[in-house]
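As the structure lists them, so they are numbered: ligands from 1, and atoms in each ligand from 1. Because only heavy atoms are used, hydrogens play no part in the values below, and waters and symmetry mates are left out as well, while side chains stay in.
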Amino acid sequence: MQKKWWKESVVYQIYPRSFMDSNGDGIGDLPGIISKLDYLKTLGIDVIWLSPVYESPNDDNGYDISDYRSILKDFGTMADWELFLKEAHLRGIKLIMDLVVNHSSDEHAWFVESRSSKDNPKRDYYIWRPGKDGKEPNNWVSVFSGSAWKYDETTDEYFLHLFSSKQPDLNWESDKLKREIYDMMTWWLDKGIDGFRMDVVNFISKDTAYPDAPGEGGGYHWGGEYFMNGPRIHEFLHEMNREVLSKYDCMTVGEMPGVTPEEAVKYTSPESQEVDMVFQFEHMDLDSGNGKWDVRPWTLAALRENANKWQTSLQGKGWNSLYMNNHDQPRMVSRFGDDGRYRVESAKMLATYLHMQQGTPYIYQGEEIGMTNVQFPSIADYQDIEILNYYKEQIERGANEADLLKAIHIKGRDNARTPIQWDDTLHGGFTTGTPWLQVNPNYKDINAAQALADPQSIFHYYRQLIQLRKQHEVIVYGDFEMLAWEHGEIMAYKRTLGGQSLLAIMNFYGGTPEWTLPEPFVKGQAKLLIGNYPTEGETIASERIVLKPYEARVYLLA
Ligand code: NOJ
């Protein structure tokens, strides 16, 4: 297997609005991030993924970009950004920027021109279609509810927006548009960044016939089959790689809803020359029923099946990313662990589960201190466009307010977006002003100052996990084999590289299950690398082990 720095790295995602506010306006900013770089250095991460800091009217918190080459005033200036990059690099931390090129803001100069007339030279930078029978060109639903098309009076046509109506989709069929994007990417790489996280990048090639999506009873329906992993997607990404990425030693991760392992191999195999790794979503759907808001319990069997599928399908062919939360997902300890009694144990167990697999681990800000979901009492406390649009649409359909809030408490994106809890002072030390989104009320108990001071904290456990990755190649490059297939509470897997074997055992529940260790991990031979409970000795005491609630152990046999 080819060795690469981005395979050996751990990435930390910063959602800048919620990270650290330096000027008391209630919004996180670049000087705030700079002030916390030493904290990240202590944690030991290698790369920062910075969610968008570009000029934006903030309809979707920066994922609606109105100028790709300037910094939003809320976050600071370009000089602040340059200082941030310099300070990160000085600490040996690389930076990848968020590349949002499936769509721009409707306030981007390109769109202002494009909508002005049918013969404007930038008309084809976006996707314009005439209406059909006095209605939208097709029945596609937007990710943020309602039609994916918006009528524009100026030219009596509709434009496509798979996300909010202020996020018109860019038209990748236009060579001129592609060139603009490549130039912009080159401009950032020349400023010294180390790569990109690419927002819904597998949506950029659409079926240009724009067929209706299948679905009953009229209304709007999910047209994913016509734009997820669309007809020209591999051609587009390969071209982007050839024109831009191949000229730099950079890393790329493509966010790809709906990607299968087979597709992921095509996107990430070195021969394809497209992207280095993808964010897949299958494990994020394990607790969805009929759509995201229809919550069903996830099962260990399904999680195991999913992990095994992704680990083994990409082995030796492509590369995985490893994550269980980000700015769009609930907090992982609340979702897959126990955010009450066993918060600390289960957060460490989940971290172990992720970091010992093959792939590049991503830590979402606050994960390293075990931040949890939040349950705001009223819809008025929420800010996220997805939550607000969904709520409005459902209330109009007669849904019950309490039921909607319940689903939002479990699945809403604002769970991940509450400000980072730095200490136990007002607003968790995030701001001296009024935070743009309230701080989780549990900040007095859960905060970074407390975590730094406690050697047994989740933070220090993450530090150890990150260090182990630097010390043992088997963690990065080892082959993966799932074990304990039939176990109802335990997940266990093995990694092997040369003469080294690593065994990771995780109890996903609050009981005390037993398990018999497989050969050759027997008494006296395997060394405990890390575990989330104090252990008596360095070696395995017996073949038959009993795990404590949410216990995780990792053994190395060298
Ligand atoms: C995925 C991003 O992660 C999410 O925050 C955003 O709303 C959509 N893409 C649209 O850009």
Check whether [Y] forms a cation-pi arrangement with [X] (NZ or CZ under 6.0 Å from the six-membered ring centre, at most 45° off the ring normal).
X      : Y      : value
Arg123 : Trp128 : yes
Lys178 : Trp172 : no
Lys191 : Trp187 : yes
Arg129 : Trp149 : no

Q. Between the candidates Leu162, Asp199, Val201, which shows the shortest non-hydrogen contact distance to atom 2 (C) of ligand 1?
A. Asp199
Measure the distance from [atom] to every protein heavy atom, then report the residue, atom name and distance (to 0.1 Å) of the closest one.
atom                   : value
atom 6 (C) of ligand 1 : Asp60 OD2, 3.3 Å
atom 5 (O) of ligand 1 : Asp328 OD1, 2.7 Å
atom 8 (C) of ligand 1 : Phe163 CE2, 3.7 Å

Just let me know how [X] lines up against ligand 1, side chain, backbone, both or neither, with a heavy-atom cut-off below 4.0 Å.
X      : answer
Arg417 : side chain
Glu386 : neither
Met198 : neither
Phe144 : side chain

Q) Only one of Asp381, Asn442, Asn415, Asp414 forms a side chain to side chain contact (heavy atoms under 4.5 Å, CB included) with Val374, so which one is it? A) Asn415
Q | Which of the ligand 1 atoms, numbered from 1, are nearer than 4.0 Å to a heavy atom of Glu255 | A | 1 (C), 3 (O), 9 (N)
Q | Those atoms of ligand 1 less than 4.0 Å from some heavy atom in His103 | A | 10 (C), 11 (O)
Q: Assess Arg413 for proximity to ligand 1: is some non-hydrogen atom of it under 4.0 Å away?
A: yes
Q. Under a heavy-atom criterion of less than 4.0 Å, does Gln329 contact ligand 1?
A. no
Q: Over 60° means perpendicular and under 30° means parallel, so classify the ring planes of Trp110 and Tyr68, tilted if in between.
A: tilted
Q: Assign the ring pair Trp81 / Trp188 to parallel, tilted or perpendicular, where the plane angle (0 to 90°) is split at 30° and 60°.
A: perpendicular
(Q) Given 3.5 Å as the limit, does a donor-acceptor pair link the side chain of Lys206 with the main chain of Tyr226, or not? (A) no
